[in-house]
There are 2 protein chains.
Amino acid sequence: MADKNLTAGLEDYLEAIYIAQNKNKTVKGIDVARMLNISRASVSEALSKLVSKGLITYESYGTISFTPTGHTEAEKVYNTHNTLKSFFQTVLNISPEEASENACKIEHIISKSVLAEIKDFTDYCNNHPEIINEYRQRKDNGKNLSDRKISGSTPSDIETE
Amino acid sequence: MADKNLTAGLEDYLEAIYIAQNKNKTVKGIDVARMLNISRASVSEALSKLVSKGLITYESYGTISFTPTGHTEAEKVYNTHNTLKSFFQTVLNISPEEASENACKIEHIISKSVLAEIKDFTDYCNNHPEIINEYRQRKDNGKNLSDRKISGSTPSDIETE
DNA sequence: ACAATTTGTTAGGTATGCCTTACAATTATT
DNA sequence: AATAATTGTAAGGCATACCTAACAAATTGT
């Protein structure tokens with residue numbers, strides 16, 4: 001039960017297990033390997049790490065289960081994914097596939113408060129469809145961005161941080 | 001002049017060099033090391049890679065310059081960063097620091113079309129301030145998201161892809 | 001111009017995370 | 001129950017990307 005820091009990779013494993021459980025009832029290593037398109041050997045290693053971090057329980061040839069902590073963590077990743085996907089799809093009009101692909105990568109690195117803001121903003125937009133409708137109409141008419149000029153989104157500061 | 005595939009790390013180097021050039025005129029390895037908080041040794045390695053990929057020219061103890069390709073690539077990363085930062089700041093009301101931090105990570109993995117949509121949407125919002133004003137007002141009044149109920153952004157599908 | 005300081009490189013090391021190959025253990029088939 | 005097929009693990013490798021320490025080269029100060 002070492003430290004709980006999760007790499008992007010381990011988060012992906014948790015998420016895959018979570019999704020597989022919601023479909024299949026029981027999940028084994030091979031399922032994870034297939035879902036993530038990764039060798040059985042690599043999955044075996046990763047599962048050991050998750051066990052040693054106290055996030056799953058798992059015995060050879062047995063079923064993978066979450067510990068309470070593991071379940072919470074997996075759910076967190078899953079919810080983050082869905083929040084992002086929903087934003088991309090419903091606000092930005094991105095295809096489901098591409099929305100998912102982007103969410104899969106961004107879910108591991110976005111900060112809590114940006115995520116919270118995205119969630120709130122998405123909800124707001126979905127409750128006020130006229131905003132998105134109006135926006136999309138203008139885009140389609142080529143009037144695009146502004147009523148008058150084409151302007152670019154470019155903040156003036158220059159820095160690294 | 002090997003392949004041109006850029007890892008997130010190499011993109012960070014390009015971006016740092018680009019930013020440093022806009023400030024300092026001339027850029028040397030040590031500047032990059034300081035900006036990215038990375039050892040001189042690691043910078044030395046990375047610069048060799050950028051040279052061998054044909055993105056910069058650089059000789060020991062000399063100044064770092066972009067090749068045309070390198071300049072284009074660096075600019076691309078920099079613009080992506082700014083587009084994201086601008087969205088976080090102006091639409092989501094995130095602090096400049098946190099906006100930058102998130103942009104720094106996401107800039108390397110976001111897809112072209114999601115980025116383009118974010119850019120257009122940000123421009124639209126900035127040209128129609130009433131949208132954001134109204135949204136923020138509701139948030140501040142605790143009326144939050146919807147006019148009636150609290151709903152969550154949760155798409156119903158479950159998948160990995 | 002010489003010493004001191006700064007900057008750059010090399011060598012060797014660590015950690016992550018994937019791979020393949022070969023083998024072991026389990027499960028399914030008949 | 002014996003054999004076949006599947007699933008899991010171990011060992012050894014590879015690539016990335018960082019590090020420190022030691023040394024080399026260049027630059028700066030006086």
Side-chain angles (χ1 to χ4, degrees), chain A residues 2-17 20-21 23-65 73-74 77 104-105 107-109 160, chain B residues 2-17 20-21 23-65 73 77 101 104-105 107-109 160:
Chain A
D3 71 310
K4 200 185 75 177
N5 286 327
L6 289 174
T7 62
L10 289 187
E11 284 186 356
D12 281 334
Y13 286 104
L14 286 183
E15 193 182 14
I17 295 165
Q21 276 194 352
K23 280 196 176 141
N24 309 335
K25 309 253 178 214
T26 92
V27 189
K28 301 179 144 204
I30 185 74
D31 304 314
V32 178
R34 292 211 181 98
M35 289 175 77
L36 298 179
N37 218 335
I38 270 173
S39 73
R40 294 187 322 253
S42 298
V43 170
S44 181
E45 283 175 26
L47 293 181
S48 308
K49 283 185 197 162
L50 291 175
V51 168
S52 77
K53 280 172 185 292
L55 298 167
I56 62 170
T57 56
Y58 170 59
E59 288 170 354
S60 269
Y61 302 92
T63 296
I64 303 168
S65 316
E73 289 304 314
V77 177
C104 272
K105 297 185 240 150
E107 68 194 21
H108 307 296
I109 60 185
T160 336
Chain B
D3 72 314
K4 201 186 76 177
N5 286 325
L6 288 174
T7 61
L10 289 187
E11 284 186 357
D12 280 333
Y13 287 104
L14 286 183
E15 191 181 17
I17 294 165
Q21 276 194 353
K23 279 195 174 141
N24 309 335
K25 308 251 179 219
T26 93
V27 188
K28 300 180 145 203
I30 185 73
D31 303 314
V32 178
R34 293 211 180 98
M35 288 174 78
L36 297 181
N37 217 334
I38 271 174
S39 73
R40 295 191 316 265
S42 298
V43 170
S44 182
E45 284 175 26
L47 293 181
S48 309
K49 284 185 196 161
L50 291 174
V51 168
S52 76
K53 281 172 186 290
L55 298 167
I56 61 169
T57 56
Y58 170 60
E59 289 169 354
S60 270
Y61 302 93
T63 295
I64 303 167
S65 315
E73 289 303 313
V77 177
E101 282 162 19
C104 272
K105 296 184 242 153
E107 67 195 20
H108 307 296
I109 60 185
T160 336

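Chain letters run A, B, ... following the sequence lines, proteins first, then strands; residues in each count from 1.
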Problem - Below 4.0 Å: OP1/OP2 of C:dT7 and any side-chain N or O of B:Y58 - result: no
Fill in the blank from the handout: To the nearest angstrom, the CG-P distance between B:N37 and D:dC19 comes to 8 Å
Handout entry: B:S44 vs C:dT10: side-chain N/O to OP1/OP2 distance below 4.0 Å
Key = no
Exercise for the section: Please report, rounded to the nearest Å, how far the P atom of D:dA17 is from the CG atom of B:L50. Expected result: 11 Å
Handout entry: Between P of C:dT9 and NZ of B:K49, the distance in whole Å
Key = 14 Å
Check nucleotides 22-26 of chain C for protein N or O atoms closer than 3.5 Å to its own N or O atoms and list the pairs.
unit_1 : atom_1 : unit_2 : atom_2 : d
C:dA25 : N3     : A:Y61  : OH     : 3.3

Problem - Beyond-backbone contact of A:V43 with A:Y13, side-chain heavy atoms, under 4.5 angstrom - result: yes
Fill in the blank from the handout: Taken to the nearest 0.5 Å, the spacing of A:T63 OG1 from A:Q21 CD works out to 9.0 Å
Fill in the blank from the handout: Taken to the nearest whole Å, CG/B:D12 to C1'/D:dC18 is 13 Å
Problem - Short side-chain N/O contact to C:dC19 OP1/OP2 from A:S39, under 4.0 Å - result: yes
Problem - Residue whose nearest DNA chain C nucleotide is more 5′ - A:A41 or B:E59 - result: B:E59
Exercise for the section: Looking at every strand, decide which applies to A:I38 at a 4.0 Å heavy-atom threshold: base, sugar-phosphate, or nothing. Expected result: sugar-phosphate
Completion exercise
Rounded to whole Å, NE2 of B:H108 lies from C1' of D:dA17 at a distance of 14 Å
Handout entry: Non-neighbouring partners of B:S48 that pass side chain to side chain contact (heavy atoms under 4.5 Å, CB included), sequence neighbours left out
Key = none
Practice task
Round to a whole Å and report the spacing from CG of A:D31 to C1' of D:dT7.
Solution key: 10 Å
Practice task
Assign A:S48 to base, sugar-phosphate, or nothing according to its heavy-atom contacts below 4.0 angstrom with the strands shown.
Solution key: nothing
Practice task
Would you indicate whether the side-chain heavy atoms of B:I17 and B:L50 approach each other to under 4.5 Å?
Solution key: yes
Exercise for the section: With rounding to the nearest 0.5 Å, note down the distance linking NE2 in A:H108 to CD1 in B:I109. Expected result: 8.5 Å
Practice task
Calculate the interatomic distance between A:I56 atom CD1 and D:dG8 atom C1'; express it in whole Å.
Solution key: 13 Å
Practice task
In whole angstrom, give the distance that lies between atom CD of A:E45 and atom C1' of C:dA15.
Solution key: 13 Å
Exercise for the section: Could you list all the side chain to side chain donor-acceptor pair (under 3.5 Å) pairs where at least one residue sits in residues 27-36 of chain A, not counting sequence neighbours? Expected result: none
Practice task
For C:dC18, take OP1 and OP2 only and decide whether either is under 4.0 Å from a side-chain N or O of A:Y13.
Solution key: yes
Handout entry: Between CD1 on residue A:I38 and CD on residue A:E45, distance to nearest 0.5 Å
Key = 10.5 Å
